[in-house]
Amino acid sequence: MTIIQVARTNRESADKFASRISGKTFMNFRVICAPYGGEIEVSVTTDYTNDPQEAQDMLNYLMFCELSK
């Protein structure tokens with residue numbers, strides 16, 4: 001399993017990110033949103049690879065695709 005820390009943000013932004021990333025691509029990303037010091041910490045996990053760089057590269061690509069829609 002690979003875990004990528006993404007951001008600390010508010011609940012609305014975290015939920016919006018989760019709805020656009022969860023379950024996407026063959027890596028089947030799962031977004032975890034957890035309270036952290038008055039904010040929400042957002043992380044992404046995948047069981048597809050144990051290589052953090054491979055997962056980060058795919059996540060970056062997916063985020064770019066979602067932003068450019």
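In this text the structure is predicted, and so the values were computed from the model without any measurement.
Summarising the geometry, atom CG belonging to N10 is positioned 9.0 Å from atom CG belonging to D15; distances are rounded to the nearest 0.5 Å. Atom CG of L59 sits about 11.5 Å away from atom OG1 of T2, to the nearest 0.5 Å. Taking CE of M58 as the reference point, atom CG of D51 lies at 12.0 Å (rounded to 0.5 Å).
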When the side chains of residues 35-44 are checked against the rest of the protein, which donor-acceptor pairs come out under 3.5 Å, sequence neighbours left out?
residue : atom : partner : partner atom : Å
Y36     : OH   : R8      : NH2          : 3.4
S43     : OG   : Q5      : OE1          : 2.4

Per-pair distances, 0.1 Å, donor-acceptor, side chain in residues 22-34, under 3.5 Å, sequence neighbours excluded:
residue : atom : partner : partner atom : Å
S22     : OG   : A18     : O            : 2.9
T25     : OG1  : M27     : N            : 3.1
R30     : NH2  : T45     : OG1          : 3.4
R30     : NH2  : D47     : OD2          : 3.2

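Panel note: side chain S19, backbone K16; a donor-acceptor pair is recorded below 3.5 Å.
At a threshold of 4.5 Å between side-chain heavy atoms, the hydrophobic network of Ile, Leu, Val, Met, Phe, Trp and Tyr places I3 and I21 in two separate groups.
Proximity of F17 to E66: side-chain heavy atoms (C-beta onward) are nowhere separated by under 4.5 Å.
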